[in-house]
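Single-structure report; data block below.
As the structure is a computational prediction, the values presented were derived from the model and not from experiment. By convention here, the first residue in the shown sequence is residue 1. Side chains are part of it too, since the values below use all heavy atoms of this structure and drop only hydrogens, waters and symmetry mates.
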Amino acid sequence: MDKIRVIVADDEQLVRAALVKMVNSRLDMTVVGEAASGPQAVRCAQTQRSDVVLMDVRMPDGDGITATAQVRALQQAPQVLVLTTFDLDDHVFAALEAGAAGFMLKDTEPERLFHAIRAVAAGEGMLAPTVTKRLIERTRMRAAATKANAALARLDRLTAREAEVLHAMAQGMSNDGIGQNLFLSEATVKTHVSRILAKLELDNRVQAALLFRDAQH
């Protein structure tokens with residue numbers, strides 16, 4: 001059975017030595033290189049055939065995020081598993097955007113770390129539980145923002161008066177109520193409602209109200 005070839009990149013010598021010893025203790029893994037900085041990690045990945053790079057985030061002479069992007073840009077690039085003390089959103093999302101396949105904390109139990117290395121080597125993703133929760137929430141927020149921007153773009157088709165009518169529709173007002181609130185005849189309100197639905201390519205008032213609410217998020 002071929003062993004998983006691992007590069008360990010960490011600027012703290014004691015931490016790096018401990019990780020090397022841990023990885024080499026597994027029958028299915030072997031450390032093929034060590035690095036104390038981001039650039040060293042990249043050079044090691046260039047010269048040593050490897051499957052996984054255990055990458056620290058904060059290192060001198062080039063951070064692990066930049067190094068992750070450079071490693072992933074190599075031909076036959078190894079997967080990168082970020083292993084750090086700093087459970088910070090900026091680090092998590094920057095690492096994933098740079099191409100890291102996983103993000104684990106240094107206080108992770110050894111068996112869980114070994115599982116993560118195997119999973120990443122097999123092309124799977126692996127995130128610490130706390131990171132997974134925040135990633136889901138951030139994805140949800142981004143989806144909501146995208147939906148809101150799309151809704152706002154559609155609402156730009158409306159005139160100022162039509163926007164006022166739509167706002168009133170979203171509050172559940174009837175045509176009569178909208179007319180009284182905006183000092184318009186009911187017939188005029190009906191005309192505005194018809195134009196709003198046509199411009200927004202919607203079938204009914206409920207859809208219009210939902211679109212308006214989407215734009216508010």
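- A distance-only check finds a donor-acceptor pair linking the side chain of Q216 to the backbone of F212 [under 3.5 Å].
- Q48 contributes no side-chain N or O that, together with a main-chain N or O of C44, makes up a donor-acceptor pair within less than 3.5 Å.
- The line from CG of L152 to CZ of R154 is 11.5 Å long, rounded to the nearest 0.5 Å.
- Listed here is the closest heavy atom pair of T159 and K199: CG2-NZ, 3.8 Å.
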task = Could you walk me through whether N204 and L197 pass the side-chain contact (heavy atoms from CB on, under 4.5 Å) test, one step at a time?
result = CA-CA 7 Å; N204 54 59; L197 296 179; 5.5 Å; no

key: Evaluation steps, side-chain contact (heavy atoms from CB on, under 4.5 Å), between L200 and L166   = CA-CA 11 Å; L200 299 180; L166 176 58; 4.2 Å; yes

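- Between V31 and V8, the shortest heavy-atom contact is CG2-CG2, 4.1 Å.
- Side-chain contact between M169 and M173 is absent, with no heavy atoms from C-beta onward closer than 4.5 Å.
- Using modelled atom types, no side-chain atom of T108 and backbone atom of M104 make a donor-acceptor pair closer than 3.5 Å.
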query = Could you go step by step and tell me if E111 and R26 meet the salt bridge (charged side-chain N to carboxylate O under 4.0 Å, His left out) rule?
reply = CA-CA 10 Å; E111 288 303 322; R26 301 295 90 185; 3.5 Å; yes

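- The closest donor-acceptor contact from the side chain of R5 to the backbone of T30 lies at 3.5 Å or more, if one exists at all.
- Side chain of Q207 to backbone of D203: a donor-acceptor contact under 3.5 angstrom is found.
- Two residues are said to be in side-chain contact when any heavy atoms from C-beta on lie closer than 4.5 Å; Q70 and Q46 fail this criterion.
- Contact of the M126 side chain with the H115 side chain is registered, since non-hydrogen atoms from C-beta on lie closer than 4.5 Å.
- Between the CG atom of L113 and the CG atom of D107 there is a distance of 11.0 Å, given to the nearest 0.5 Å.
- Residues M29 and K3 form no side-chain contact, since every pair of their non-hydrogen atoms from C-beta on lies 4.5 Å or further apart.
- Taken to the nearest 0.5 Å, the CG atom of D176 stands 11.0 Å off from the CG atom of N181.
- L81 places none of its side-chain heavy atoms less than 4.5 Å from the side chain of V53.
- Between V82 and V57 the shortest side-chain heavy-atom distance falls below 4.5 Å.
- Distance OG1/T68 to CZ/F103: 10.0 Å, rounded to 0.5 Å.
- Taken to the nearest 0.5 Å, the CZ atom of R157 stands 12.0 Å off from the CD atom of E162.
- Two residues are said to be in side-chain contact when any heavy atoms from C-beta on lie closer than 4.5 Å; R161 and L184 meet this criterion.
- Q79 and A101 make their closest contact through OE1-CB, 3.5 Å (heavy atoms, listed as atom of the first residue, atom of the second, distance).
- In this structure, CZ on R195 lies 7.0 Å from NE2 on H192, to the nearest 0.5 angstrom.
- Among V71, D63, L83, the single residue meeting the side chain to side chain contact (heavy atoms under 4.5 Å, CB included) criterion with M55 is V71.
- Using a 4.5 Å cut-off on side-chain heavy atoms (C-beta onward), V80 and L54 make no contact.
- At a cut-off of 3.5 Å, with distance as the only test, no side-chain donor of T191 or T188 sits close to an acceptor on the other residue.
- The pair D10-K106 meets the salt-bridge criterion, since a charged nitrogen lies less than 4.0 angstrom from a carboxylate oxygen.
- The neighbour count for R205 CZ, taken as heavy atoms of other residues, nucleotides or ligands under 6.0 Å away, is above 12.
- Shortest non-hydrogen contact noted between A209 and A170 is CB-CA, 3.8 Å.
- Partner of V32 under the side chain to side chain contact (heavy atoms under 4.5 Å, CB included) criterion, out of I4, I7, D51, V6: I7 alone.
- Scanning all heavy atoms of the two residues, the minimum distance from G38 to M59 falls at N-CE, 3.7 Å.
- In terms of heavy-atom proximity, A94 sits nearest to I65 at O-CG2, 3.7 Å.
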